[in-house]
Amino acid sequence: TPDQTTKDEL
Amino acid sequence: MNIFRLSGDMTHLMSVIVLLLKIHTIKSCAGISLKTQELYALVFATRYLDIFTDFVSVYNTIMKLIFLATSFSIVWYMRHHKIVRRSYDKEQDTFRHLFLILPCLILALVVNEKFTFKEVMWTFSLYVEAVAILPQLVLLQRTKNIDNLTGQYVFLLGAYRALYILNWIYRYLTEKHFVHWITWISGLVQTLLYADFFYYYINSWKNNVRLQLPA
């Protein structure tokens, strides 16, 4: 999973 | 993914669909701020730079493509469509959004999580999204007549941000060290900008009167 950021959000 | 975020994304999707339907079906963009639409196109263009390099999920990629396509087509409609562009009141939509873009760019260069091009662009897109609604709110206060599609559009946009705040609270509680002040603060500022609109929108809906924003 991508590093724990909010990048997986739109 | 959690229910707050999914419903937030769906509400956001609804807002752009409502807007596209309004513009496409009645061929009118009266009451819509082109400046806000251009800012949103800028937000998606600078936020989704990694759309082809960092794969998160099919859902994520599809939604990014939808937001990019809809935001740019709305700008195209309002600028170049021979019928729609006639209903754009450029005399009223005079917010100088450059005065929003430059401070966001400077702030993104100063306040970011990592000083790389992608990270600065991503942070810049967060700051621009936080203030993107301002030209639209200014236009609504000037034009007085808020048709209900435009009202619904702004309401859905605000609801999407409010749901995202619930999503961050949920993720903070369930995922350890999920702390992202930049995202949270810019998201909170953005949602607060809608607060007074929400107040008048819900009141007008409750008293069943036309939505009037104070001068």
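Order of the sequence lines fixes the chain letters, A, B, ..., with proteins taken first and strands second; residue numbering starts at 1 for each chain.
By the 6.0 Å contact criterion, CZ on F198(B) is enclosed, its count of non-hydrogen atoms from other residues, nucleotides or ligands being greater than 12. Atom CE of M14(B) is surrounded by 12 or fewer heavy atoms from other residues, nucleotides or ligands within 6.0 Å. Other residues, nucleotides and ligands contribute more than 12 heavy atoms inside 6.0 Å of the CH2 atom of W76(B).
Taking CG from L10(A) and NE2 from H12(B), the interatomic distance works out to 8.5 Å, rounded to the nearest 0.5 Å. Rounded to the nearest 0.5 Å, atoms CZ (R5(B)) and OG1 (T6(A)) are 9.5 Å apart.
With respect to chain A, the highest number of heavy-atom pairs below 4.5 Å among Y59(B), W184(B), W168(B) belongs to W168(B). Ranked by heavy-atom pairs under 4.5 Å with chain A, the first of L126(B), D50(B), D54(B), N60(B) is N60(B).
If you measure heavy-atom distances from D9(B) to chain A, the contacts under 4.5 Å come from the side chain alone. Heavy atoms of E119(B) lying under 4.5 Å from chain A belong exclusively to its side chain. F67(B) touches chain A through its side chain: at least one heavy atom from C-beta onward sits under 4.5 Å away, while N, CA, C and O do not.
Ion pairing of E9(A) with R47(B) is absent here, as no side-chain N (NZ or NE/NH1/NH2) approaches a carboxylate O to less than 4.0 Å.
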